[in-house]
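Encoded as structure tokens, the structure appears first; notes follow it.
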Amino acid sequence: MSEHVRVLLTEEEVDDRIQSIGDQINKDYAGKEVHLICVLKGGSFFMCELAKRITVPVSLDFMAVSSYGSATKSSGVIKIVKDLDETLKGKHVIVVEDIVDSGRTLSYLLEMLKERGPASLRLCTLLDKPDRRVVDINVDYTGFQIPDEFVVGYGLDYAQRYRNLPFIGVVEFDD
């Protein structure tokens, strides 16, 4: 079976929306410093582009997590594979994700980060699949709400491929 990628969101649409999110963060954090936390691997492309558009002082950190459970369903209980390098105490933190779907793992992660004492904690995602949500989770900054399709590009992958696409595409399988 082979596959092809259909464009869902063009490079220009993604770029314009990231600029809009950056502009909103600049307003919301005027006079403050913001600390971005990227959830690896997929979020790295989005966070780097977003950080370029933030004009208030910004610092970056990275986390890698893995979910326990079967391959098709996350239990929401996570194992920290790579923890943060810096403390969150007193910082204005924005967790940056590539996509929010069920919300299980992210809900658990946000609760864990709250315990580390940030001054504020918000969530920013490039893509949101609300149709897949099983846990109520508040997303403060959303790039795009998308249908429940398998998407790639801008850090999202299929079998470690397509992360480098400058647009968001849907993987379609050929018979």
Side-chain angles (χ1 to χ4, degrees), residues 1-29 34-56 58-67 71-74 76 78 81-82 93-107 109-110 122-135 137-175:
M1 185 179 345
S2 64
E3 78 267 359
H4 68 275
V5 177
R6 173 179 49 87
V7 175
L8 178 65
L9 299 164
T10 67
E11 182 175 1
E12 294 77 19
E13 289 173 307
V14 174
D15 190 57
D16 289 348
R17 187 63 189 126
I18 294 172
Q19 182 62 57
S20 297
I21 295 170
D23 292 344
Q24 187 62 53
I25 289 171
N26 293 330
K27 289 177 191 170
D28 293 350
Y29 290 90
V34 67
H35 186 68
L36 303 181
I37 295 176
C38 174
V39 181
L40 294 172
K41 296 177 183 174
S44 60
F45 287 72
F46 175 45
M47 187 173 84
C48 289
E49 289 301 316
L50 180 62
K52 288 191 245 180
R53 291 156 173 88
I54 295 176
T55 57
V56 298
V58 64
S59 56
L60 311 175
D61 208 344
F62 299 85
M63 284 190 95
V65 299
S66 67
S67 298
T72 60
K73 187 175 179 185
S74 167
I78 63 170
V81 177
K82 186 242 178 268
V93 174
I94 302 175
V95 175
V96 180
E97 264 283 22
D98 52 359
I99 191 166
V100 176
D101 51 31
S102 74
R104 284 186 180 109
T105 300
L106 204 47
S107 175
L109 178 63
L110 290 171
R122 290 187 172 171
L123 175 59
C124 177
T125 187
L126 179 60
L127 304 173
D128 187 6
K129 282 188 185 179
D131 292 343
R132 301 236 334 149
R133 197 83 78 248
V134 296
V135 174
I137 190 164
N138 181 49
V139 181
D140 301 283
Y141 305 100
T142 301
F144 302 92
Q145 283 194 354
I146 62 169
D148 187 13
E149 296 183 285
F150 194 88
V151 291
V152 294
Y154 235 91
L156 294 148
D157 74 294
Y158 170 66
Q160 294 298 326
R161 296 192 327 260
Y162 306 120
R163 285 189 197 276
N164 61 318
L165 295 176
F167 59 87
I168 303 297
V170 175
V171 175
E172 296 180 337
F173 296 94
D174 306 314
D175 290 330

Stepwise side-chain hydrogen bond (donor to acceptor under 3.5 Å, both in side chains) check, D15 with Q19: CA-CA 6 Å; D15 190 57; Q19 182 62 57; over 6 Å; no
Ring centroids only, cut at 6.0 angstrom: are Y158 and F173 within range, meaning strictly under it? yes
Quick check: do [X] and [Y] have side-chain heavy atoms less than 4.5 Å from each other?
{"X": "F46", "Y": "I18", "value": "yes"}
{"X": "Y29", "Y": "V58", "value": "no"}
{"X": "L8", "Y": "F144", "value": "no"}
{"X": "M63", "Y": "V95", "value": "no"}

Restricting to non-hydrogen atoms, name the atom on [X] and the atom on [Y] that form the minimum distance, rounded to 0.1 Å.
{"X": "R163", "Y": "G155", "answer": "NH1-O, 2.6 Å"}
{"X": "F167", "Y": "V5", "answer": "CE1-CG1, 4.0 Å"}
{"X": "C124", "Y": "L50", "answer": "SG-CD2, 3.9 Å"}
{"X": "L60", "Y": "A51", "answer": "CD2-CB, 4.0 Å"}
{"X": "N164", "Y": "F45", "answer": "CA-CE2, 4.1 Å"}
{"X": "Y154", "Y": "E49", "answer": "OH-CG, 3.2 Å"}

Please round to the nearest 0.5 Å and tell me the distance separating atom [atom1] of [X] and atom [atom2] of [Y].
{"X": "L127", "Y": "I168", "atom1": "CG", "atom2": "CD1", "answer": "4.5 Å"}
{"X": "T125", "Y": "Q145", "atom1": "OG1", "atom2": "CD", "answer": "10.5 Å"}
{"X": "Y162", "Y": "L156", "atom1": "OH", "atom2": "CG", "answer": "13.5 Å"}
{"X": "I94", "Y": "I21", "atom1": "CD1", "atom2": "CD1", "answer": "10.0 Å"}
{"X": "E11", "Y": "D16", "atom1": "CD", "atom2": "CG", "answer": "10.5 Å"}
{"X": "I137", "Y": "S102", "atom1": "CD1", "atom2": "OG", "answer": "8.5 Å"}

Using a strict 4.0 Å threshold on nitrogen-to-oxygen distance, state whether R17 and E13 make a salt bridge. no
I'd like to know if K41 and D157 make a salt bridge, using a cut-off of under 4.0 Å between side-chain N and carboxylate O. no
Run the side chain to side chain contact (heavy atoms under 4.5 Å, CB included) test on L40 and V81 for me, step by step, so that the C-alpha distance in whole Å, both residues' side-chain angles and the decisive distance to 0.1 Å come before the verdict. CA-CA 10 Å; L40 294 172; V81 177; over 6 Å; no
For atom NZ of K82, decide whether the heavy atoms of other residues, nucleotides or ligands shown that lie under 6.0 angstrom number more than 12. yes
D98/V39 under side chain to side chain contact (heavy atoms under 4.5 Å, CB included): CA gap, chis, key distance, verdict: CA-CA 8 Å; D98 52 359; V39 181; over 6 Å; no
Sorted by chain and number, sequence neighbours left out, salt bridge (charged side-chain N to carboxylate O under 4.0 Å, His left out) with D101 holds for none
Under the salt bridge (charged side-chain N to carboxylate O under 4.0 Å, His left out) test, residues paired with E149 that sit two or more places apart: R6
Please check if the side chain of D61 supplies one atom and the backbone of I37 the other of a donor-acceptor pair under 3.5 Å. no
Backbone N or O of R53 within a donor-acceptor pair of the N26 side chain at under 3.5 Å? yes
For a side-chain contact (heavy atoms from CB on, under 4.5 Å) with L9, tell me which candidate from L126, V14, V151 qualifies. V14
